[in-house]
Amino acid sequence: MIKTAVFPVAGLGSRFLPATKAIPKEMLVVVDKPLIQYAVEEAKAAGIEKFIFITSQGKEAIEDHFDSHSGLESILQARGKTDDLTKIRSIRIPEGQALFIRQHEPLGLGHAVWCARHYIQEDAFALLLADDLIQATTPCLKQMVQAYSEEDGNMAAVIDVPKNEVNRYGVLNILTQFGLKVCAKAVVEKPDAATAPSSTAIIGRYILRTSIFEPLGFKKQGAGGEIQLTDGLQTMLGANVPLTGFRFNGDRYDCGTKVGWLQANLALAAADPELRPYLESVMTTLKVPLAG
Ligand code: G1P
């Protein structure tokens with residue numbers, strides 16, 4: 001049973017400066033909701049009941065976003081704006097189910113995950129990186145929870161990426177594949193295209209055994225001088241804990257980049273019945289011609 005999810009939200013978001021100077025990058029909006037809300041809604045849909053955010057200074061807006069807002073709620077109530085009221089109330093994480101932990105220094109994803117070590121009782125938990133927005137009929141994490149069994153050890157959602165992009169990801173060395181599952185014999189963080197073992201890359205959805213905290217606790221520096229989650233997964237593979245890649249059904253947008261964020265906005269607008277009718281005219285009437 002996967003009941004706890006960890007959301008690392010301590011990153012600086014420097015790719016989106018100056019937008020992220022005073023607001024967390026996880027609060028960047030895609031169509032009408034901040035990125036972190038998509039991730040939390042996906043987790044809720046997968047049955048998650050405890051939400052652990054690994055934060056840093058300047059990320060308070062995330063905590064506020066999932067809290068109640070009595071001032072705003074009473075104004076909406078007084079004005080009879082019941083739809084808006086329902087909308088903002090549904091965002092709340094119920095009291096006692098959200099935890100905010102400070103990561104003091106940006107030491108890497110592996111270190112961020114390790115910061116949650118004292119607060120997970122179950123044998124396995126979910127990890128969601130809000131940068132990755134996934135549009136799917138059955139939410140990605142729900143697909144993973146349904147597919148996961150203890151024999152899978154650690155599980156990570158994977159996609160195939162162009163060879164020249166493998167250096168942005170954790171990449172699997174594949175032993176076997178069966179259906180949607182890929183059994184890894186090794187995993188390497190941000191390899192060069194020339195030495196990468198495959199083009200099958202991990203994206204920001206994981207189901208992890210809590211025993212991952214042990215190798216992460218060694219605080220070994222990996223790629224980019226950071227404590228890498230991928231290295232923890234590799235150490236566990238060496239101790240015969242499997243790593244299973246999961247090829248989910250759905251579209252993933254890398255909202256950690258401007259292009260991915262733009263794609264996500266267009267794709268979600270196209271799927272929104274209110275916005276869809278306007279999309280074509282918006283594109284064709286652009287004052288800046290796209291060609292040339
Ligand atoms: C992190 C992980 C990497 C993974 C990626 C998915 O990298 O370290 O293994 O493939 O997330 O988005 P980051 O994007 O933080 O550099």
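In each ligand, atom 1 is the first atom listed, and ligand 1 is the first ligand listed. One-based numbering along the sequence shown.
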Worksheet item: Listing by chain and number, which residues have a heavy atom under 4.0 Å from ligand 1?
Response: L109, L129, D132, Y169, G170, E189, K190, I202, I203, G204, Y206, Q228, T230
Discussion item. Please verify the inter-ring angle class for W261 with F16; under 30° counts as parallel, over 60° as perpendicular, anything in between as tilted.
Written reply: perpendicular
Worksheet item: What do you reckon, are the aromatic ring centroids of F53 and F66 less than 6.0 Å apart?
Response: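 That pair passes the under 6.0 Å test.
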Worksheet item: Are E151 and S149 close enough that a side-chain donor and a side-chain acceptor fall under 3.5 Å?
Response: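 Yes, side-chain donor-acceptor contact under 3.5 Å.
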Discussion item. Do K50 and Q121 pair up side chain to side chain, a donor and an acceptor below 3.5 Å, judged on atom types alone?
Written reply: yes
Worksheet item: Which is it for E73 and S68 under the side-chain hydrogen bond (donor to acceptor under 3.5 Å, both in side chains) test, yes or no, and what are the steps along the way?
Response: CA-CA 8 Å; E73 287 175 30; S68 60; 4.9 Å; no
Worksheet item: Less than 4.5 Å apart, any side-chain heavy atom of T257 and any of R15?
Response: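 T257 vs R15: side chains touch.
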